[in-house]
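Note on naming: letters A, B, ... go to the chains in the order of the sequence lines (proteins, then strands), and numbering restarts at 1 for each one.
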Amino acid sequence: MIDSEARGGVTLARLTDKRLDAAAAPGFKTGISALIEGGADRIVLDLTAVSFVDSSGLGAIVSALKQLGSRGDLVLAGLQPPVRKLLQLTRLDRVFKTYDTAEDAVAALG
Amino acid sequence: MIDSEARGGVTLARLTDKRLDAAAAPGFKTGISALIEGGADRIVLDLTAVSFVDSSGLGAIVSALKQLGSRGDLVLAGLQPPVRKLLQLTRLDRVFKTYDTAEDAVAALG
Amino acid sequence: MARGQAVPDRRVDLTLEAAFPNVAMATRAVAGVCALTDMKPEHIDEVELGLAEAINNVVEHAYDGREGGEVRVSVLLFPQVLRIDIEDEGRAMDPRLLVDPQLCFDCGDPDSLPEGGMGLALIRQLFDAIAYETRDGRNRMTLTRWLVVI
Amino acid sequence: MARGQAVPDRRVDLTLEAAFPNVAMATRAVAGVCALTDMKPEHIDEVELGLAEAINNVVEHAYDGREGGEVRVSVLLFPQVLRIDIEDEGRAMDPRLLVDPQLCFDCGDPDSLPEGGMGLALIRQLFDAIAYETRDGRNRMTLTRWLVVI
Ligand SMILES: Nc1ncnc2c1ncn2[C@@H]1O[C@H](COP(=O)(O)OP(=O)(O)O)[C@@H](O)[C@H]1O
Ligand SMILES: Nc1ncnc2c1ncn2[C@@H]1O[C@H](COP(=O)(O)OP(=O)(O)O)[C@@H](O)[C@H]1O
C-alpha cells in the first residue's frame, strides 16, 4: 500500500492504491507511522495514483504530520483534482506544502 | 433529440443525447422515420455525442435502414469506442458504412 | 468435495422499478463500481452493455413491459471476480435460450437484418460465465466476469 | 398552498451492509449515475466526496462501527435536481449538528490540526440543501444538488 524509497535524506512514500478513504485509512496510518518510527523525518507523500481521499484519509495524513512534529516535514505531491479540492474545502491547503510531481518535492526537501 | 440539417442532397442527422438505449429508442425511431417520410434518402447519422448504444438502439437504426430500403443510404459517423464495439459484436459493422467525422460522411455521400 | 460459499470483499445491492429509464441508473451505477477494480475502460463498457441487455430483457420479457415490477441487481466484488446477480419475480426464461444464442443475417439482404433478438448473444459474448435459475417464483441471472487472466 | 410530491424521472435504490469497504461501492455507483446528467466531472467528484462523508458517518456513528446494520441510499434524478436519501436504523444524529458545522484550527499550531470532525462541514459545503429527520427509528439524511443554475 505504501512503497517507500530513500532519496538521500528524503523518504519518498508512494501510495499504490487508488483510494485513501475510511476503509484504507487505518492501513495507511500503520504504514506511515512505522516509517516515521523507523527514522523517516523528511517525507514526500506521492499521491499520484490516488483519485479519491475522504476526511478519514486526510485525517490520517494529518496524524502523520503531528507524529513528525517539529523535528520533521511531510509534503504532498501529485494531487489529482478531487484531492486538491478536499484540501481546499478543509482549508488544510494552508498547512500542507504541495508539489506537482514527486521529483519536484524530493528536490525541494533534499 | 435529432438535430437535422440539409447538406446539399444529404441529410445530416445529429443525435444530441448521450445514450441511444431502450428508453430512447422509440423517440429516435419516430424522429428518424419522420425524416425519411419527409424525403430524406441519403442520411448521415452523427453519433459523436453518443457514448452508449444498446441492442434496442441499434435495432432502431437498423429499422431506419430497412425503411430506406434500396432507394437510399444511411451511414454512421463519429462512433465512440463502445458504439463501435457493439457494431462489431453484432457483426453489423459489415452492414453499416462508418466515418470518423460527420464531415467525412457528408463528403462521401454528397 | 465440499466447497464453501465465498464471501465478497465488497457488495452493494441495487433495486429499481422495472422501467426502461431506470435501466441506465443501474448500468451506470455498476460502471461506477467497476472503477474500483483494475478493469480497463473498454472492459467496463462491455460490462455496462451486457448488463443493460440483461436488465432490458427483464423489463421487456420477464415483466412484459408492465410497470411496478421490481428488479434487484447485486454487485459483488471478489479479489479476482466481478459477479452481478439480476433478480426478478416475473415470467421465467427458458434457460436453454442461453446455450447458444445466434446472430444470423445475410448482409446482402436488408430484410434479414436484426432489429432485435441480439440481447442474449451479446450477454454471452460479454461475460465469462452466465447462469440462470428460477426458484420460488424468483428468477436469477448470474453474470460473472474475471478481473484477471488465470 | 398544497404542493404535491414530485416524481423523479429515474430512480435506483442501493442497499449496503454498514462496513467501510462497502461505502465506496455506493459512492462510485452514484458517481456513475451522475454521468447520466450534464454535471461536470469536478461536480461529480464533489457529490462523491460529500456522499462518502455522509455514509462513513452512518457506519461510524449511527451504527458505532458495528457490522450488520443496513444503509439504504436512494438516488433520484429529477429534470433539474439530484436527490440522494441516506437511511439507517441506527443511533439518530442531533440535527442541530448540521446547522453550522465548523472547521476550526490554527495553522501555526500543529496540535490543533483536525484528524476528524470534518465530515459534516464538508457535506454542508458540497450540497445545495441538506435535511435530516428521524421517524419510527429510521434516520434519513436528504442531500440535494441542483443540476442547473436557476
Ligand atoms: N429475462 C428474461 N425473461 C424472460 N424471457 C426472456 C428474458 N430474456 C430473454 N428472454 C426471451 O429470450 C428471447 C431472446 O432475447 P434477446 O436475445 O435479448 O432478444 P430480444 O429481447 O430482442 O427478443 C426474448 O424474445 C424472450 O423471449
Ligand atoms: N449519521 C450520523 N449519525 C449519528 N451521529 C452522527 C452522524 N453523523 C455525524 N454524527 C455526529 O456528529 C459528529 C461530527 O461528525 P463529522 O463532522 O462527520 O466528524 P467525525 O465523523 O470525524 O466525528 C460526530 O462525531 C457524531 O457525533
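Of the two parts of Val75(C), the backbone and the side chain both hold a non-hydrogen atom closer than 4.5 Å to a non-hydrogen atom of chain D. Using a 4.5 Å cut-off between heavy atoms, Val71(D) does not touch chain C at all. For Ala31(C), no part lies near chain D; criterion is any non-hydrogen pair under 4.5 Å.
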Please tabulate, one pair per line, all N/O donor-acceptor pairs under 3.5 Å involving side-chain atoms of residues 46-56 of chain D, not counting sequence neighbours.
residue, atom, partner, partner atom, Å
Glu46(D), OE1, Arg145(D), NH1, 2.8
Glu46(D), OE1, Arg145(D), NH2, 3.1
Glu46(D), OE2, Lys85(A), NZ, 2.9
Glu48(D), OE1, Arg28(D), NH1, 3.0
Glu48(D), OE2, Arg19(A), NH1, 3.1
Glu48(D), OE2, Arg19(A), NH2, 3.4
Glu53(D), OE1, Ser55(A), OG, 2.7
Glu53(D), OE2, Ser55(A), N, 2.6
Glu53(D), OE2, Ser55(A), OG, 3.2
Asn56(D), ND2, Asp54(A), OD2, 2.8
Asn56(D), ND2, Ala52(D), O, 3.3

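Counting all heavy atoms, side chain and backbone alike, Ala24(C) lies closest to Arg10(D) at CB-NH1, 3.5 Å.
From Met25(D), atom CE reaches atom CG of Leu76(C) across 7.0 Å, with rounding to the nearest 0.5 Å.
The most heavy-atom pairs under 4.5 Å with chain D, out of Asp9(C), Leu14(C), Leu16(C), Val30(C), come from Leu14(C).
For residues 12-21 of chain D, the set of pairs meeting the side chain to side chain donor-acceptor pair (under 3.5 Å) definition, not counting sequence neighbours, comprises Arg11(D)-Asp13(D), Asp13(D)-Ser74(D).
Within 6.0 Å of CG in Asp38(C) there are 12 or fewer heavy atoms belonging to other residues, nucleotides or ligands.
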